[in-house]
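On a predicted model such as this, the values are computed, not experimentally measured, just so you know. Naming convention: chains lettered A, B, ... in sequence-line order (proteins, then strands); numbering from 1 in each chain.
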Number of protein chains: 2
Amino acid sequence: MTEIEKTLENHQVRPTAMRILIYKYLAEKKIAVALTDIEYAFAKAERTTLYRTLKTFEEKKIVHQIDDGTGISKYALCESGCNCEIEQDLHLHFHCNNCNETVCLTEHKIPQIKVPDGFVSENVNLVVKGICDKCSGQ
Amino acid sequence: MTEIEKTLENHQVRPTAMRILIYKYLAEKKIAVALTDIEYAFAKAERTTLYRTLKTFEEKKIVHQIDDGTGISKYALCESGCNCEIEQDLHLHFHCNNCNETVCLTEHKIPQIKVPDGFVSENVNLVVKGICDKCSGQ
DNA sequence: TCAATAAATGCACTTCTGTTGCACTATTAA
DNA sequence: TTAATAGTGCAACAGAAGTGCATTTATTGA
């Protein structure tokens, strides 16, 4: 049994061929990917299957969904630096206005945000937009 | 000439009847509104007109677009507390998971966010989700 | 003032993302 | 081996966003 299969089973997800492939794909891409991206990569697979696989992964805390402000949901593997399972996903995301890619800055935690009296904060989403390291030319 | 007409002209937007109405509507609602909301409010008007009016307003810095994570673009008037015109729109937004409304917390500025070397930050979007003052029952 | 021009609006589509229902297939457990 | 369950594929739909074009309204300049 491979590493990936173990990981999936640890999250109560049956390691089907499709799921292993999708997991691999997510692991290879360092960036957050949209459903459409996976669709292109797996031209043979059904969009519905990919869609539901992502939903399953999300539910089982294998990936986290990212809203980077483009209006398209993206997903990225929860890795060592990501503690989605225990606490809120509090790292920030960076969206590059040039290459249009979104990356998790797992080591950059979101600072404490104060809200006015009467407001109860349950979750924080922070997306920084700009130029990523690859595009800034260094 | 009314106050609203002046405001529109100050932003190089011709104050047509439709635009004045939409501006009024936005001013009355304290919360960020989606295109659909306006559509309901102005059942007689065409969606395209509303859509393009919002785009015009956005371009001319009369409103700012808000991505609150619901996947639906919302818009709110840039008011005194909002300095979209001069600098980045750095106030945060609060989305209530109960009533589903999104408000600008104009007085709450986004703290300085550090990004790794090579990344250039141009803009920051911060959305706090939780329960708003009206729904938290106080 | 009135025609020429430009801006705004209305209507009909299209596209894209996300989502669901249902049938079929593969897998698991009794 | 068979019944139950989980996963996959196909088809279709919903909602938001966006575009092209014709028509109306407003502005400008002769």
Identify each atom pair where a protein N or O and an N or O of nucleotides 7-14 of chain C are less than 3.5 Å apart, giving names and distance.
from, atom 1, to, atom 2, distance (Å)
C/dA7, O3', B/R14, NH2, 3.3
C/dA8, OP1, B/R19, NH1, 2.6
C/dA8, OP1, B/R19, NH2, 3.3
C/dA8, O5', B/R19, NH2, 3.3
C/dT9, OP1, B/T16, OG1, 2.8
C/dG10, OP2, B/T49, OG1, 2.7
C/dG10, O6, B/R52, NH2, 2.6
C/dC11, OP2, B/E46, OE2, 3.0
C/dC11, N4, B/T48, OG1, 3.2

Passing option when B/V13 is tested against B/E59, B/R19, B/K61 for side chain to side chain contact (heavy atoms under 4.5 Å, CB included):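 Of B/E59, B/R19, B/K61, side chain to side chain contact (heavy atoms under 4.5 Å, CB included) with B/V13 is met by B/R19 alone.
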
A/F119 and B/S136, any side-chain heavy atoms less than 4.5 Å apart: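 No, too far: nothing below the 4.5 Å cut-off.
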
salt_bridge(A/K6, A/E9) N-O dist < 4.0 Å: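 So A/K6 does not pair with A/E9 through a salt bridge.
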
Separation of D/dG18 P from B/L50 CG (nearest whole Å):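 So the CG-P distance, B/L50 to D/dG18, works out to 15 Å.
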
Distance in angstrom units between A/E59 CD and D/dA6 P, rounded: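 The answer, rounded to whole Å, is 12 Å.
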
Test ring-ring contact (aromatic ring centres under 6.0 Å, His included) applied to A/H91 and A/H93, step by step: CA-CA 7 Å; A/H91 66 262; A/H93 295 108; 4.6 Å; yes

Verdict with reasoning, B/H95 to A/N125, per side-chain hydrogen bond (donor to acceptor under 3.5 Å, both in side chains): CA-CA 11 Å; B/H95 178 78; A/N125 182 36; over 6 Å; no

Any donor-acceptor N/O pair, B/R47 side chain to B/E39 backbone, under 3.5 Å: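 Between the backbone of B/E39 and the side chain of B/R47 there is no qualifying donor-acceptor contact (under 3.5 Å).
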
Near-strand residues of residues 23-32 of chain B, defined as heavy-atom separation under 4.0 angstrom from DNA chain C: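 The answer is none.
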
Between CD on residue A/E101 and CZ on residue A/F94, distance to nearest 0.5 Å: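 Atom-to-atom, A/E101:CD and A/F94:CZ are 11.5 Å apart.
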
Nearest heavy atoms of B/M18 and B/F42, plus distance in Å: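 Closest pair (atom of B/M18, atom of B/F42, distance): CE-CD2, 4.0 Å.
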
